[in-house]
Amino acid sequence: MAALEAEHLAPRDIAAYLDQAVSTVERARIEGHLATCNACRRDFVAASEVGARRPARWVVVGVPAAVAAALAALLLLPAERTRPADPGAPVMRGEQSEGTLRFAAVVPLDGQQVHPDSLLFQWRSQGAGVSYRLTLTNGIGDVVWTASTSDTSVALPGGVGLAPGREYFWYVDALLGGARSSTTGVLEFVVTP
């Protein structure tokens with residue numbers, strides 16, 4: 001079974017993973033890729049949601065069509081920003097992706113002004129043994145910095161320069177056990193001038 005095709009997971013690999021028909025080595029490779037690749041993670045979530053409604057085992061031929069339909073639906077939905085009423089409670093995305101868990105970011109708060117020398121990212125724990133991937137992008141979506149950790153906080157390293165007065169976006173994805181993931185969703189902050 002080919003684990004990766006052209007740097008992304010093949011639909012048959014996602015199907016085999018969801019069907020628990022992969023070896024321990026393949027499982028680790030797929031989970032590692034899902035922890036670092038947003039595109040494959042979106043495909044995985046879409047395929048797992050479609051598969052949750054199917055009573056039979058995955059049919060490899062049906063996965064590409066299901067993934068394409070789910071991606072088309074995601075592209076056609078309007079973008080919406082929501083904040084949880086209770087920062088400690090998981091929030092369901094509802095309209096965008098039913099069943100996708102969200103967890104709370106602690107700091108920096110959405111829209112907050114921050115000084116880059118003391119910038120610390122913190123989020124709520126999703127339990128023991130969870131891997132987190134923080135992604136920081138500039139205002140046009142270019143990745144500025146990423147970090148992988150099992151902790152719930154990461155400080156911005158001194159070598160990462162952020163421009164004063166500019167807005168930046170950040171989010172954390174958690175790779176949970178049992179082929180599940182959750183996210184903080186995208187938050188914005190502005191570097192103090």
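- Closest heavy-atom contact between P116 and V191: CD-CG1, 3.6 Å.
- Residues F103 and V154 fall within the same hydrophobic cluster, defined by Ile, Leu, Val, Met, Phe, Trp and Tyr side chains chained together at heavy-atom separations under 4.5 Å.
- With hydrogens and angles ignored, the 3.5 Å screen pairs a side-chain donor or acceptor of D110 with a backbone N or O of E188.
- Taking CG of N138 as the reference point, atom CH2 of W145 lies at 15.0 Å (rounded to 0.5 Å).
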### Query
Hey, mind stepping through Y17 and E31 against side-chain hydrogen bond (donor to acceptor under 3.5 Å, both in side chains) and telling me if it holds?
CA-CA 9 Å; Y17 181 87; E31 288 174 351; 2.5 Å; yes
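- Taken from OG1 in T184 to CD in Q122, the straight-line distance is 13.0 Å, to the nearest 0.5 Å.
- Shown here for C40 and I14, the closest heavy-atom pair between the two residues is O-CD1, 4.5 Å.
- The distance from atom CG of D43 to atom CG of L9, rounded to the nearest 0.5 Å, is 8.5 Å.
- In this structure, V172 is a member of the same hydrophobic cluster as F189, with clusters built from ILVMFWY side-chain heavy atoms closer than 4.5 Å.
- In this structure the side chain of F169 never reaches within 4.5 angstrom of the side chain of V144, judged on heavy atoms.
- Two residues are said to be in side-chain contact when any heavy atoms from C-beta on lie closer than 4.5 Å; L119 and L162 meet this criterion.
- Between D173 and S181, the closest side-chain pair of non-hydrogen atoms is not below 4.5 Å.
- For the pair Y168 (side chain) and A163 (backbone), a donor-acceptor distance under 3.5 Å is present.
- Across all non-hydrogen atoms, the minimal contact from V186 to R102 is N-NH2, 4.1 Å.
- Both V114 and V160 belong to a single network of hydrophobic side chains, linked directly or stepwise wherever heavy atoms of I, L, V, M, F, W or Y lie under 4.5 Å apart.
- With contacts defined as side-chain heavy-atom distances shorter than 4.5 Å, the pair L156/L136 qualifies.
- Linking ILVMFWY residues whenever their side-chain heavy atoms come closer than 4.5 Å, directly or via other members, leaves W123 and L175 in distinct clusters.
- Rounded to the nearest 0.5 Å, atoms OG1 (T183) and CZ (R41) are 7.5 Å apart.
- How far CG of L176 is from OG of S182: 4.5 Å, rounded to the nearest 0.5 Å.
- In this structure, the side chains of Q113 and T192 come closer than 4.5 Å at one or more pairs of heavy atoms.
- What you find for R133 and T146 is that their closest heavy atoms are NH2-OG1, 3.2 Å.
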### Query
Would V106 and R124 count as a side chain to side chain contact (heavy atoms under 4.5 Å, CB included) if you check the C-alpha gap in whole Å, the side-chain angles of each, and the deciding distance to 0.1 Å?
CA-CA 7 Å; V106 178; R124 301 271 184 210; 4.3 Å; yes
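- Residues Q126 and Y132 come closest through the heavy atom pair N-OH, 2.7 Å.
- Here the straight-line distance linking atom OG1 of T149 with atom CZ of F121 works out to 13.0 Å at 0.5 Å rounding.
- In this structure, W170 and A105 approach most closely via the heavy-atom pair CH2-CB, 3.5 Å.
- Inter-residue side-chain proximity for N38 and Y171 is flagged as met; some heavy-atom pair is nearer than 4.5 Å.
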